[in-house]
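Just below is one structure, and these are the notes that go with it.
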Amino acid sequence: VYRGEKARPVQISIWYPAKKRSTLPRMSYVDYLLKVVNETDFAIPDKAAKQAFLLKWKQDYERRKIPVDVLIELLSEKMNAVENAEASAGPFPLILYAASINSSPYENLFLFEYLASHGYIVAAVPSNGRHSGIMTMDWEGSNAQVDDLAFVLAYMKSDSTVDFERIGALGFSWGGLAVSQLAVKNHLIDGTVCLDGGVRFGFDGNRWKNYPYYRSDKLRSPFMLMSSRGYREATRKDFISRIKYAPVFHLNYPFLQHSKFCSADHQIRLGWIRKQMTDKVNPLNRKKLRRDFNAGKYPTQILNDRIIRSYELLCFYTGAFFDWVLKDDPKGQAVVFRGPARNGYPAELVQYQANAALPVPPNQAEFIQIMQRKPGGLTEAKRLFLELRKKDPELKIFSEAYMNNLGYRLLHGNRIDEAISVLELNAIAYPNSANVYDSLGEAYAAGKAYQKAIRSYQRSLELDRTNANAVKMLRKLKGKDD
C-alpha cells in the first residue's frame with residue numbers, strides 16, 4: 001500500500017550563550033558528528049548505525065589521503081560547547097544558518113561557537129532536498145532550503161531568549177544562495193553574510209530570472225559577500241551587481257579555496273599538521289617547530305599560516321558585521337566600513353570593496369500617492385522619476401500594466417491632459433513596449449495633438465510590425481495636424 005509523500009523532518013541545531021559552565025563536560029567532535037546520523041528521519045540511531053556512519057566518514061577522508069590516526073584523534077577532540085547547558089536570559093539576536101549542498105551545519109562549528117560566545121543564537125539547518133533528502137541543484141532545491149529557514153524562524157518564536165527585532169542570515173556555498181534569497185523574501189532579515197555562496201558562481205540568466213526571490217534589486221538590508229581565491233569579477237553580472245538599495249561589502253580571500261570556508265576542513269588540516277610535527281620532522285627541529293606552533297608561528301613547509309589566519313579573519317568580520325547590523329554597535333560598524341588594512345590586517349590576506357546603497361525609491365503605492373497630490377502631483381512624480389532614473393537607469397517603480405490602465409481611466413473620465421502625462425511617464429519607463437506607445441498615441445489623438453499621436457503610433461509599429469491598430473490609426477490621422 002502506497003501512502004504517498006509525507007512532510008519531511010527538519011533538524012534544527014542551536015548554539016546559544018549559556019550560563020557559566022557547570023560540571024557538564026564539553027562536547028567532543030564525535031558528539032557533533034553523530035547527530036548527522038538521524039538528520040533526516042529523527043529515529044534514535046542504534047550502536048550499529050553509529051558505527052556504520054563513522055566507518056563511512058573515515059573511508060571518505062582516507063580516500064583523500066588523510067591518515068587514520070589523525071581522524072581518530074579528531075573524533076575525541078574537545079570543542080567549546082556544552083550540550084544542553086542552561087541558557088543565559090537574553091534576549092539575544094538570532095542568526096539563521098544554511099549549510100552547503102547536501103551538507104550538515106556542523107561544517108562550521110568554529111564559527112558557530114565563536115558567534116554564540118559573542119552573544120548570538122545560531123539556528124542552523126542541513127541542506128536536504130525537497131523530496132528524497134538529497135539536495136538538487138535547481139530552483140526546487142534552493143526553494144526547499146529557503147522554506148526550511150522560514151520554518152526555523154517560525155519555530156524559534158517559541159524561544160524567549162530570542163530577540164525577534166534582530167535577525168541575521170548566514171550561509172556557505174549553496175546555503176549562501178538560500179540565505180541571499182531569504183533576505184529578499186523576508187523583510188525581517190536585518191543583514192546577510194554569504195560565505196563563498198552560490199550567488200557568486202553565476203546562477204543567472206534564463207535559469208533563475210523568473211524566480212521572484214532572486215531579485216537582488218529588492219534587497220534592502222546590508223549584505224556581505226566573502227569569496228574564495230577563484231573569484232572572478234565576471235561572475236558578478238548576476239545577483240551581487242544588481243544590489244542597488246542596500247550597502248554591499250565584498251571581501252575576497254586569496255589564500256582560501258572554497259572548502260576552506262568551513263571549519264571542518266581546518267580541523268582536519270590542523271590534525272594532520274600535528275602528526276607531521278611528531279612523525280615526519282627531523283628530531284633536531286621538532287622541539288622548535290612545536291614551540292613555534294604553540295606560539296602561533298607556522299613554518300611554510302608545515303602550515304601555510306595565511307590559510308588559518310584568513311579563516312580567523314572570516315570569523316572576525318562575520319562577528320563585526322552582525323555586531324553592526326544586529327546590535328547597532330558602532331565599533332562593529334567601524335570595523336566593517338574601515339576595511340582590513342585600516343583594521344591592521346595585511347592586504348595579502350583579504351581584498352576589500354564596499355558599495356554604498358542608492359536612496360531607496362518609493363514603491364508603486366507611494367509613487368501613485370505622489371501623483372495624486374494636488375496641485376502639481378503629476379509634475380512632481382515625473383521630476384522624481386527622472387531624477388531617480390539618472391542614478392539607476394533600470395529603475396522600475398511601477399508596472400507597465402498598472403500605469404497603462406490608470407491612463408485609460410483618466411482618458412475615459414475626460415481628464416485628457418492627466419492621461420497624457422501618465423502615459424508619457426509610462427513610455428519613459430518602458431521605451432520598448434509597443435502597447436505603451438499605442439496607448440499614448442490614442443491619448444494624444446484625443447487631445448488633438450495629432451503629430452505627436454502619429455509619432456507614437458509610428459513608434460508602436462516599429463516595435464511591433466503586427467500592430468493592426470497602429471496601421472489603422474495612422475491612416476485615420478493622415479492629413480490631420482496640430
Side-chain angles (χ1 to χ4, degrees), residues 139 204-215 217-218 237-238 242 244 361-374 376-482:
W139 178 89
D204 56 1
N206 294 329
R207 185 177 184 185
W208 294 90
K209 69 178 183 179
N210 295 321
Y211 184 35
Y213 306 123
Y214 203 65
R215 291 283 307 278
D217 57 314
K218 301 294 184 183
K237 292 179 180 178
D238 167 40
R242 292 201 301 265
K244 301 172 182 177
N363 60 31
Q364 179 171 288
E366 293 168 334
F367 190 77
I368 298 303
Q369 288 179 350
I370 296 172
M371 292 174 58
Q372 292 173 341
R373 291 175 185 167
K374 300 291 184 180
L378 282 169
T379 302
E380 170 62 17
K382 185 175 182 179
R383 183 201 64 77
L384 175 62
F385 182 78
L386 292 174
E387 181 181 304
L388 292 171
R389 259 298 180 90
K390 289 180 182 178
K391 299 176 181 177
D392 181 6
E394 299 179 355
L395 178 66
K396 298 286 193 300
I397 294 178
F398 45 81
S399 75
E400 174 190 336
Y402 182 91
M403 198 64 83
N404 207 59
N405 290 338
L406 177 59
Y408 271 113
R409 287 203 301 271
L410 292 170
L411 191 60
H412 295 157
N414 204 33
R415 297 161 65 179
I416 298 174
D417 290 343
E418 292 176 76
I420 289 173
S421 294
V422 166
L423 294 170
E424 284 178 340
L425 188 56
N426 209 20
I428 294 172
Y430 299 94
N432 297 317
S433 170
N435 186 57
V436 165
Y437 281 98
D438 187 273
S439 301
L440 181 56
E442 185 175 343
Y444 280 141
K448 298 183 180 180
Y450 298 123
Q451 288 302 316
K452 289 184 177 181
I454 289 171
R455 287 195 293 271
S456 290
Y457 280 121
Q458 287 174 337
R459 177 57 179 160
S460 179
L461 200 57
E462 288 173 4
L463 294 168
D464 180 8
R465 293 294 182 183
T466 66
N467 188 350
N469 183 65
V471 174
K472 173 184 173 183
M473 291 305 298
L474 285 170
R475 288 174 181 166
K476 185 176 180 179
L477 290 168
K478 187 176 181 181
K480 293 186 177 182
D481 55 38
D482 294 347

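Keep in mind that the numbers below use all heavy atoms, side chains included, and drop hydrogens, waters and symmetry copies. What you see is a predicted model, and the numbers here were worked out from it, not measured in a lab.
- R389 places a side-chain N or O within donor-acceptor distance of the main-chain N or O of L395, the cut-off being under 3.5 Å.
- Taking each heavy atom of N467 and L461 in turn, the nearest pair found is O-CD1, 3.6 Å.
- Note that OH of Y457 is 8.5 Å distant from NZ of K476, once rounded to the nearest 0.5 Å.
- Salt-bridge check for D392 with K244: passed, with a basic side-chain N closer than 4.0 Å to an acidic carboxylate O.
- Side-chain contact between I397 and N363: absent, with no pair of heavy atoms (C-beta onward) separated by less than 4.5 Å.
- Not one N or O on the side chain of Q372 forms a donor-acceptor pair closer than 3.5 Å with the backbone of G377.
- Counting only residues at least two apart or on different chains, no ring-ring contact (aromatic ring centres under 6.0 Å, His included) pair has a member in residues 422-449.
- The line from CD of Q369 to CE of M371 is 12.0 Å long, rounded to the nearest 0.5 Å.
- Between N404 and L423 the shortest side-chain heavy-atom distance falls below 4.5 Å.
- Few gaps surround CD on E366; more than 12 heavy atoms of other groups in view lie less than 6.0 Å from it.
- No side-chain heavy atom of L384 sits less than 4.5 Å from a side-chain heavy atom of P361.
- By the side-chain hydrogen bond (donor to acceptor under 3.5 Å, both in side chains) test, E462 is found to be paired with R459, residues two or more places apart in sequence or in another chain being considered.
- By the 4.5 Å heavy-atom criterion applied to side chains, Q364 and S399 are counted as neighbours.
- Using a 4.5 Å heavy-atom threshold, the side chains of F367 and M403 count as touching.
- Looking only at side-chain heavy atoms (C-beta outward), Y402 and I368 come within less than 4.5 Å of each other.
- Distance OG/S460 to CG/L440: 10.0 Å, rounded to 0.5 Å.
- Within the structure, salt bridge (Lys or Arg N to Asp or Glu O under 4.0 Å) contacts touching residues 404-415 (residues at least two apart or in different chains) are R415-E418.
- For K396, the NZ atom sits in a packed shell: over 12 heavy atoms of surrounding residues, nucleotides or ligands are nearer than 6.0 Å.
- With rounding to the nearest 0.5 Å, the separation of CG in L378 from CD in E424 is 10.5 Å.
- Here the closest heavy-atom approach between residue L477 and residue A453 is recorded as CD1-CB, 3.8 Å.
- The side-chain hydrogen bond (donor to acceptor under 3.5 Å, both in side chains) test applied to E400 returns S433, not counting sequence neighbours.
- Note that the CG atom of N432 and the CG atom of L463 stand 6.0 Å from one another [nearest 0.5 Å].
- Scored by the side-chain hydrogen bond (donor to acceptor under 3.5 Å, both in side chains) test, N405 finds no partners at all (sequence neighbours excluded).
- Applying the salt bridge (Lys or Arg N to Asp or Glu O under 4.0 Å) test to E387 and every residue at least two apart in sequence or in another chain returns R383.
- Here CD1 of I454 is found 10.0 Å from OH of Y450. Values are rounded to the nearest 0.5 Å.
- For the pair L411/I416, a side-chain contact is recorded, criterion being any heavy-atom separation below 4.5 Å from C-beta on.
- In this structure a side-chain-to-backbone donor-acceptor pair under 3.5 Å is present from S456 to K452.
- Using a 4.5 Å heavy-atom cutoff, the side chains of L425 and F398 are in contact.
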